[in-house]
Amino acid sequence: MPSAPKTQKDAASPSRKGDFDAVRNDIASILDQPDYDDGSIGPVLVRLAWHASGTYCAETKTGGSNGAGMRYEAEGGDPANAGLEHARRFLEPVKEKHPWITYADLWTLAGVVAIKEMGGPDCKWKPGRTDFVDDSKCPPRGRLPDGAQAAEHLRFIFYRMGFNDQEIVALAGAHSLGRCHSDRSGWEGPWSVTPTKFSTQYYKMLTKFKWEEKKWEGPRQFRNEDLGEELMMLPTDMALIEDEKFIPWVKKYAEDRDAFYKDFADVFSKLIELGVERTDDYESAPTFSKAEGDKKEQEAKSKI
Ligand code: FMI
């Protein structure tokens, strides 16, 4: 029997240029991966968006989320980016289906979609990033933070990007997601018992539990088993409760979920905008989040 003719939708034709909702839906549809980590690639997509952006230097206006330089060995091969090739590989079918989107837009949008789908806030996202055509504009290695260090180092790195102490602590709350891998960073284990759910658990773990140095062959990290499984903290995570300017924010976010969600959404949106130089095409692109966009559309419809 001849198969039914393919409809327009079935055909493997590229999607309409600028249909970012279609891209959002396709990203959301690949997050669950039963054979990967804790069953989700959400956390590693958030890390991809962050590492793509976190090379920014406000003084020289270099680095940042424009360019998608991690496609090149110069940036992709930076040991700080170990493991992110998995995130990029998972996104490849989405790029193939929507070839008009740049990698730089796709990677940042993937982070935003993953945060939302894992129960986090709506982070504003705006398109218009371009991709480098070669590696000549890749930022130098060494711009991303080193988890083995302390508060002073965090400030040095995040102040360079233009963030303040409150924003540093809000960003760190993303460590309620995902885990460390001994074959990537060298450290091992998750920070929370629900690593695929966006939550305030990271701050609660830091403020309510006692952490002891793990005795093992690997790099220095801290451990706690009070919730029935071994959780971890990096030396830089511990720095947040050792520093008198950071700790009030850790305590606030442990107790005030709404404040954390709002502040995280603001600071993550700021992070993924670093270094973006838009083409004229996108100057008038909407800056509101999907939820806000849906709401505006509903309001507009109700007036018709
Ligand atoms: Fe974090 N991270 N992070 N992180 N990160 C991860 C995993 C990870 C550091 C170190 C570090 C931010 C900042 C910082 C995020 C989100 C964010 C790992 C394990 C390490 C060592 C990597 C691995 O796979 O072994 C710091 C301390 C130094 C580099 C640091 O400053 C920020 C700003 C964010 C986003 C807002 C997430 C989601 C993960 C989990 C990734 C995964 O694969 O599960």
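Nothing fancy with the numbering, it's 1 onward along the sequence. Remember, it's 1-based here, ligands and their atoms both numbered in the order they're listed.
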Backbone of Ala259 reached by a side-chain donor or acceptor of Asp256 within 3.5 Å: yes
Side-chain (Arg141) to main-chain (Ala74) donor-acceptor, under 3.5 angstrom: yes
Atom 38 (C) of ligand 1: the protein heavy-atom neighbour that sits closest, reported with distance to 0.1 Å: Pro43 O, 3.3 Å
Distance-minimising heavy-atom pair for Asp78 and Gly142: OD2-N, 3.8 Å
Aromatic ring pairing Trp191/His175, orientation class (parallel under 30°, perpendicular over 60°, tilted between): parallel
Lys/Arg cation over aromatic Phe246: Arg155, 6.0 Å, 45° cone: yes
Atoms in ligand 1 flagged as close to Leu177, the criterion being non-hydrogen separation under 4.0 Å: 40 (C)
Nearest candidate to atom 42 (C) of ligand 1, where distance is taken over non-hydrogen atoms, out of Met232, Arg179, Glu188: Arg179
Residue Leu171 vicinity, atoms of ligand 1 by number, heavy atom under 4.0 Å: 33 (C), 36 (C)
Phe132-Tyr72 aromatic ring centre distance below 6.0 Å: no
Phe198, portion touching ligand 1 at heavy-atom distance under 4.0 Å: neither
Which of the ligand 1 atoms, numbered from 1, are nearer than 4.0 Å to a heavy atom of Trp187: 21 (C)
Charged N-O contact under 4.0 Å between Glu230 and Lys214: yes
Leu144 touching ligand 1 at heavy-atom level, < 4.0 angstrom: no
Contact atoms of ligand 1, heavy-atom distance to Leu154 under 4.0 Å: 31 (O)
Electrostatic pair Glu273-Lys126, nearest N-O below 4.0 angstrom: no
Nitrogen or oxygen of His181 less than 3.5 angstrom from that of ligand 1: yes
Element-labelled atoms of ligand 1 that are located less than 4.0 Å from some non-hydrogen atom of Arg184: 23 (C), 24 (O), 25 (O), 43 (O)
Electrostatic pair Asp105:Arg129 at N-O distance under 4.0 angstrom: yes
Minimum-distance protein heavy atom relative to atom 10 (C) of ligand 1: Leu234 CD1, 3.5 Å
Ile157 contact mode with ligand 1 (heavy-atom cut-off under 4.0 Å): neither
Closest protein heavy atom to atom 19 (C) of ligand 1, given as residue, atom name and distance to 0.1 Å: Cys180 SG, 3.4 Å
Ring centres under 6.0 angstrom apart (Phe198, Phe264): yes
Salt-bridge present (Asp258, Lys262; N to O < 4.0 Å): no
Enumerated ligand 1 atoms positioned under 4.0 Å from heavy atoms of Phe158: 31 (O)
Between Trp50 and Phe268, ring centroids under 6.0 Å: no
Minimum-distance protein heavy atom relative to atom 25 (O) of ligand 1: Ser185 OG, 2.6 Å
Val276-Leu48 co-clustered via ILVMFWY side chain contacts under 4.5 Å: no
Structural part of Thr236 in contact with ligand 1, heavy atom criterion under 4.0 angstrom: side chain
Geometric cation-pi criterion Lys95 and Tyr103, 6.0 Å radius, 45° cone: yes
Arg257 charged N/C atom sitting above Tyr261 aromatic ring, 6.0 Å / 45°: yes
Heteroatom proximity flag, Trp191 to ligand 1, N/O under 3.5 Å: no
Side chain, backbone, both or neither: the part of Asp237 lying under 4.0 Å from ligand 1 by heavy atom: neither
Atom indices of ligand 1, in the order listed, that fall short of 4.0 Å to a heavy atom of Pro145: 28 (C), 29 (C), 30 (C), 31 (O)
Residue and atom names of protein N/O/S atoms that fall under 2.8 Å from atom 1 (Fe) of ligand 1: His175 NE2
